[in-house]
Amino acid sequence: MNIPSFTLSRQVEALGPEIEAAIAKVIASGQFVLGPKVQQFETEVARVIGASHAIGVANGSDALYLALMALGIGPGDEVITTPFTFFATAGSILRTGAKPVFSDIQLDTFNMDPDLALARVTPRTRAMLPVHLFGLMADMSPLSRFSGPVVEDAAQAIGATVNGQPAGTVGAMGCFSFFPTKNLGAFGDAGLVTTNDDGLASNLKVLRVHGASKKYYHEHLGINSRLDALQAAILSVKLPYLAAWTERRIAVAARYTKGLVDIGISEVVPPSVPEGYRHVFHQYTIRADKRDALAQALKEEGIGSTVYYPTSLHLQPIFADLGYGSGAFPHSEEAEATVLSLPMFPELEDDEVDQVVESIARFYGYGH
Ligand SMILES: Cc1ncc(COP(=O)(O)O)c(C=O)c1O
């Protein structure tokens with residue numbers, strides 16, 4: 001068996017000629033950074049996401065950093081976020097000079113618990129930064145009791161919705177990543193900030209070009225974080241396929257869950273999808289007894305799996321100064337010890353999903 005956690009090769013094979021033609025056009029245009037191809041993609045992706053503005057930037061990490069900069073967040077400020085996420089979420093807070101304040105997750109959704117987050121608000125809290133982890137939106141409605149802005153880390157959640165409202169349109173800004181492995185992936189680094197606020201949109205456009213509102217005239221301290229035309233052209237080719245890819249991810253997830261539940265594997269908890277949510281399954285992440293042994297057994301059968309994330313951020317050396325110790329966030333620590341993401345990509349075949357489920361059943365002795 002050879003079922004990888006993730007592969008792009010099946011998608012690249014299908015779209016190769018279309019993408020090569022788009023790349024050739026950019027090369028012929030001689031316009032490589034920002035420009036009309038980037039504007040075209042920004043317009044198309046804003047429509048797909050349902051936001052008034054989409055500002056293309058160099059990567060998802062910068063999208064987060066620029067969103068916090070656009071709010072004027074800096075030293076002395078606090079931003080509340082989850083410890084169970086990719087480093088860049090909290091790294092972006094640190095880059096502004098503000099203090100990340102971690103708050104525990106709900107174990108069933110892996111997302112920030114809004115009531116615990118609200119309890120951490122102080123006079124210094126300038127923003128909330130929930131993450132829509134693995135493609136499931138965080139519960140944001142209670143956060144309306146917080147008087148400041150909410151920035152959505154939607155890096156893994158393009159196309160996700162809650163009660164019909166899309167990721168990236170609920171908070172003040174939404175931050176997306178088009179890293180190649182994401183649901184919509186470039187051929188390199190790329191990112192995006194969405195907003196419905198005209199003022200924030202113009203701030204972001206200035207901040208991504210060294211804080212220059214016109215060329216060589218710098219009123220603000222910005223950074224160099226522009227989207228490349230080549231990446232934008234590739235993303236424009238892929239964007240029309242996103243809806244079908246997402247449907248396929250959802251179907252793969254449903255097949256995994258049905259398989260695991262039908263066999264009755266009590267050692268495994270499939271991902272939950274609360275009522276009203278559209279989970280876009282960037283990852284299909286189970287919680288599993290004897291997680292490391294299961295991953296090893298799958299590996300021996302040629303099945304890939306990955307632990308996202310093995311160390312909660314409050315236990316990372318870079319955040320040691322914040323003074324959180326082991327035991328500070330029990331749900332995040334329980335998640336890091338038990339999560340396992342199974343192979344997930346739209347080109348995964350039904351029989352491959354079935355083989356993964358059967359291997360898991362075999363490992364726990366369910367007689368398959
Ligand atoms: C939750 C989350 N936030 C932020 C990022 C950062 O995005 P990028 O890798 O494009 O900088 C990623 C992806 O890597 C992510 O998964």
Side-chain angles (χ1 to χ4, degrees), residues 5-6 8 38 41 45 54-69 79-96 100 102-103 105 109-112 127-138 140 150-160 167-168 170-171 173-194 204 208 223-228 230-232 234-235 238 249 271 279-285 306-314 316 318-319 332 335-336 339 341 344-345:
S5 293
F6 177 80
L8 269 176
V38 171
F41 173 66
V45 79
I55 295 97
V57 299
N59 53 67
S61 305
D62 281 0
L64 290 161
Y65 180 38
L66 286 162
L68 298 177
M69 280 174 96
V79 178
I80 297 173
T81 195
T82 160
F84 194 62
T85 177
F86 179 60
F87 167 76
T89 311
S92 70
I93 302 169
L94 218 49
R95 286 170 82 188
T96 67
F102 292 118
S103 187
I105 56 168
T109 63
F110 304 119
N111 283 327
M112 192 165 85
M128 295 264 188
L129 181 46
V131 178
H132 306 321
L133 201 70
F134 303 144
L136 175 69
M137 284 180 74
M140 294 172 63
V150 176
V151 176
E152 298 170 65
D153 184 337
Q156 304 186 1
I158 192 165
V170 181
M173 283 169 279
C175 303
F176 293 84
S177 166
F178 304 119
F179 186 76
T181 57
K182 293 293 192 281
N183 289 23
L184 178 66
F187 282 6
D189 280 308
L192 186 83
V193 186
T194 52
L204 288 160
R208 74 175 166 179
I223 58 172
N224 172 10
S225 185
R226 301 166 299 202
L227 182 56
D228 287 341
L230 278 171
Q231 301 305 345
I234 291 162
L235 290 164
K238 288 189 170 193
R249 284 177 181 273
H279 192 324
V280 293
F281 289 101
H282 174 57
Q283 300 295 341
Y284 182 89
T285 303
T306 314
V307 175
Y308 301 110
Y309 295 91
T311 307
S312 299
L313 295 189
H314 66 287
Q316 297 282 353
I318 180 73
F319 297 118
S332 185
E336 72 174 57
V339 285
S341 296
M344 173 53 85
F345 47 94

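None of the values given here were measured: they were computed from a predicted structure. Excluded from the calculations below are hydrogen atoms, water molecules and symmetry mates; all remaining heavy atoms, backbone and side chain alike, are included. Note that ligands are numbered from 1 as they come in the structure, with each ligand's atoms numbered from 1 the same way. All residue numbers in this chain count up from 1 along the given sequence.
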Could you tell me whether Phe41 and Phe178 have their ring centroids closer than 6.0 angstrom?
yes
Any Asn59 side-chain heavy atom under 4.5 Å of Phe179 side chain:
no
Please find out if less than 6.0 Å separates the ring center of Phe110 from that of Phe134.
yes
Per-atom contacts of ligand 1 with Thr85, taking only distances under 4.0 Å to non-hydrogen atoms
1 (C)
Atoms of ligand 1 close to Lys182 [distance to a heavy atom under 4.0 angstrom, numbered from 1]
12 (C), 13 (C), 14 (O), 16 (O)
Return yes or no for this condition: an N or O of Gln156 is under 3.5 Å from an N or O of ligand 1.
yes
Identity and distance of the protein heavy atom lying nearest atom 9 (O) of ligand 1
Ser177 OG, 4.0 Å
Give the numbers and elements of all ligand 1 atoms closer than 4.0 Å to a heavy atom of Gly60.
6 (C), 7 (O), 8 (P), 10 (O), 11 (O)
With heavy-atom distances below 4.0 Å as the criterion, list the atoms of ligand 1 near Leu64.
4 (C)
Suppose we measure from atom 3 (N) of ligand 1 to each protein heavy atom; which comes out shortest, and what is that distance?
Asp153 OD2, 2.8 Å
Do His132 and Glu152 have side-chain N/O donor and acceptor atoms under 3.5 Å apart?
yes
Any donor-acceptor pair under 3.5 Å linking the side-chain atoms of Thr89 with those of Thr81?
no
Heavy-atom distances under 4.0 Å are what count here, so tell me which part of Leu133 touches ligand 1: side chain, backbone, both or neither.
neither
So the atoms of ligand 1 within less than 4.0 Å of a heavy atom of Ala88 turn out to be 4 (C), 6 (C)
Do Ser5 and Thr306 pair up side chain to side chain, a donor and an acceptor below 3.5 Å, judged on atom types alone?
yes
Closest non-hydrogen protein atom to atom 11 (O) of ligand 1, residue and atom name please, with distance?
Ser61 OG, 2.5 Å
Check Ala155 against ligand 1 and report side chain, backbone, both or neither, counting heavy atoms closer than 4.0 Å.
side chain
Checking Val57 against Leu192 for the side chain to side chain contact (heavy atoms under 4.5 Å, CB included) test, could you report, in this order, the C-alpha distance in whole Å, the side-chain angles of both residues, the deciding distance, and whether it holds?
CA-CA 5 Å; Val57 299; Leu192 186 83; 5.6 Å; no
For ligand 1, the portion of Thr89 having any non-hydrogen atom under 4.0 Å away:
side chain
Ignoring angles and geometry beyond distance, decide whether Asp62 reaches within less than 3.5 Å of ligand 1 through its nitrogen or oxygen atoms.
no
Between Tyr308 and Phe86 (judged by ring centroids, cut-off 6.0 Å), do the two rings come close enough to count as a pair?
no
Do the charged groups of Asp62 and Arg95 touch, with an N to O distance under 4.0 Å?
yes
